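Each remark here refers to the structure printed beneath this line.
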Amino acid sequence: QVQLAESGGGLVQAGGSLRLSCAASGITFRRYDMGWFRQAPGKERDFVAGITTSGIETYYTDSVKGRFTISRDNAKNTVSLQLNSLNSEDTAVYYCAASFNRVGRQFSGNAAAYNYWGQGTQVTVSS
């Protein structure tokens, strides 16, 4: 049974930081690109950050570049997202997702490319 379990969300003041973690089980973690998405109330689920299987390549949506950092530990089957300089627009439920990396396929930030999803963790930024 595949499980992606997020943790680390919470309430933080504007300008503060959080670190989200996602622990994966039931998959060969090193064969999956990993992504973080977020969904604010009344909005669609959007790509935030992604990392390739080896961790060499990372991708970010423009609004979080320079503030968020994604990383992974293939030995521990975990992916993390460090969130710095948070603002109210970062308030959302954050989801961890795994996308099987077929040979020759480039990284994708499209939610449809992701095979497995976590339940999400709430991040609330107060102004």
Side-chain angles (χ1 to χ4, degrees):
Q1 182 179 358
V2 177
Q3 186 173 13
L4 300 178
E6 301 101 334
S7 62
L11 174 64
V12 63
Q13 289 186 334
S17 298
L18 283 174
R19 185 174 181 85
L20 307 183
S21 294
C22 173
S25 59
I27 59 173
T28 304
F29 184 73
R30 67 182 184 276
R31 299 189 67 183
Y32 285 77
D33 293 334
M34 298 300 296
W36 285 94
F37 292 74
R38 66 186 179 186
Q39 187 167 20
K43 296 187 177 181
E44 295 184 350
R45 189 173 299 188
D46 292 328
F47 172 78
V48 176
I51 189 166
T52 54
T53 54
S54 63
I56 292 176
E57 297 177 20
T58 58
Y59 302 85
Y60 299 92
T61 192
D62 287 345
S63 64
V64 308
K65 285 180 181 178
R67 299 190 299 121
F68 292 8
T69 303
I70 189 170
S71 60
R72 68 188 292 161
D73 186 336
N74 284 349
K76 296 181 178 179
N77 289 1
T78 58
V79 58
S80 298
L81 186 67
Q82 178 69 37
L83 292 66
N84 296 330
S85 301
L86 286 160
N87 59 60
S88 58
E89 294 184 350
D90 297 317
T91 294
V93 177
Y94 283 70
Y95 297 90
C96 169
S99 176
F100 184 69
N101 184 275
R102 289 185 292 275
V103 175
R105 194 205 69 180
Q106 293 186 337
F107 179 86
S108 174
N110 188 326
Y114 287 75
N115 308 99
Y116 302 107
W117 294 81
Q119 293 299 307
T121 185
Q122 176 70 47
V123 172
T124 302
V125 184
S126 63
S127 57

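Computed from a predicted structure; not experimentally measured.
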Item to check | Test log, rule side chain to side chain contact (heavy atoms under 4.5 Å, CB included), inputs Phe29 and Arg72 | outcome: CA-CA 10 Å; Phe29 184 73; Arg72 68 188 292 161; 3.3 Å; yes
Item to check | Thr53/Asp33 under side chain to side chain contact (heavy atoms under 4.5 Å, CB included): CA gap, chis, key distance, verdict | outcome: CA-CA 5 Å; Thr53 54; Asp33 293 334; 3.6 Å; yes
Next on the checklist: Between Gln13 and Leu86, does the side chain to side chain contact (heavy atoms under 4.5 Å, CB included) criterion hold? Intermediate values first, please.
Outcome noted: CA-CA 8 Å; Gln13 289 186 334; Leu86 286 160; over 6 Å; no
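Looking only at side-chain heavy atoms (C-beta outward), Ile51 and Tyr59 stay at 4.5 Å or farther from each other. No side-chain heavy atom of Leu81 sits under 4.5 Å from any side-chain heavy atom of Thr69. Taking the side chain as every heavy atom from C-beta outward, Thr52 and Asn101 never approach each other to under 4.5 Å. The closest side-chain heavy-atom distance from Leu83 to Tyr94 is below 4.5 Å. Counting only heavy atoms from C-beta outward, the side chains of Arg19 and Ser71 approach each other to under 4.5 Å.
Both Ile27 and Trp36 belong to a single network of hydrophobic side chains, linked directly or stepwise wherever heavy atoms of I, L, V, M, F, W or Y lie under 4.5 Å apart. Note on Phe107: it does not cluster hydrophobically with Met34, by side-chain heavy-atom contacts below 4.5 Å among ILVMFWY residues. Trp117 is not connected to Val2 by any chain of hydrophobic side-chain contacts under 4.5 Å among Ile, Leu, Val, Met, Phe, Trp and Tyr, and they are in different clusters.
Here Arg67 contributes atom CZ and Ser85 contributes atom OG; the two are 6.5 Å apart, rounded to the nearest 0.5 Å. A distance of 9.5 Å separates CD of Gln82 from OG of Ser21, quoted to the nearest 0.5 Å. Leu4 contributes atom CG, which lies 12.0 Å from atom OH of Tyr114 (distance to the nearest 0.5 angstrom). To the nearest 0.5 Å, atom CD of residue Gln106 and atom CD of residue Glu57 are 8.5 Å apart. Interatomic distance, CD of Gln122 versus CG of Leu11, reported as 9.5 Å (0.5 Å rounding). Rounded to the nearest 0.5 Å, atoms SG (Cys96) and CD1 (Ile70) are 8.0 Å apart.
In this structure, a donor-acceptor pair under 3.5 Å is present between the side chains of Ser17 and Asn84. With no hydrogens or angles considered, a side-chain donor-acceptor pair links Arg105 and Ser99 at under 3.5 Å.
The two atoms that bring Ala40 and Ala92 nearest to each other are N-CB, 3.8 Å, heavy atoms only.
No donor-acceptor pair under 3.5 Å is formed between the side chain of Thr28 and the backbone N or O of Arg30.
Tyr95 carries Arg45 over the face of its six-membered ring, with the cationic atom under 6.0 Å from the centre and within 45° of the normal.
In this structure, Phe47 and Phe37 have perpendicular ring planes: the angle between them is above 60°, well past the 30° mark.
Here the two rings, on Phe68 and Tyr60, have centers that are 6.0 Å apart or farther.
Partner of Arg38 under the side chain to side chain contact (heavy atoms under 4.5 Å, CB included) criterion, chosen from Val93, Thr121, Asp90, Val123: Asp90.
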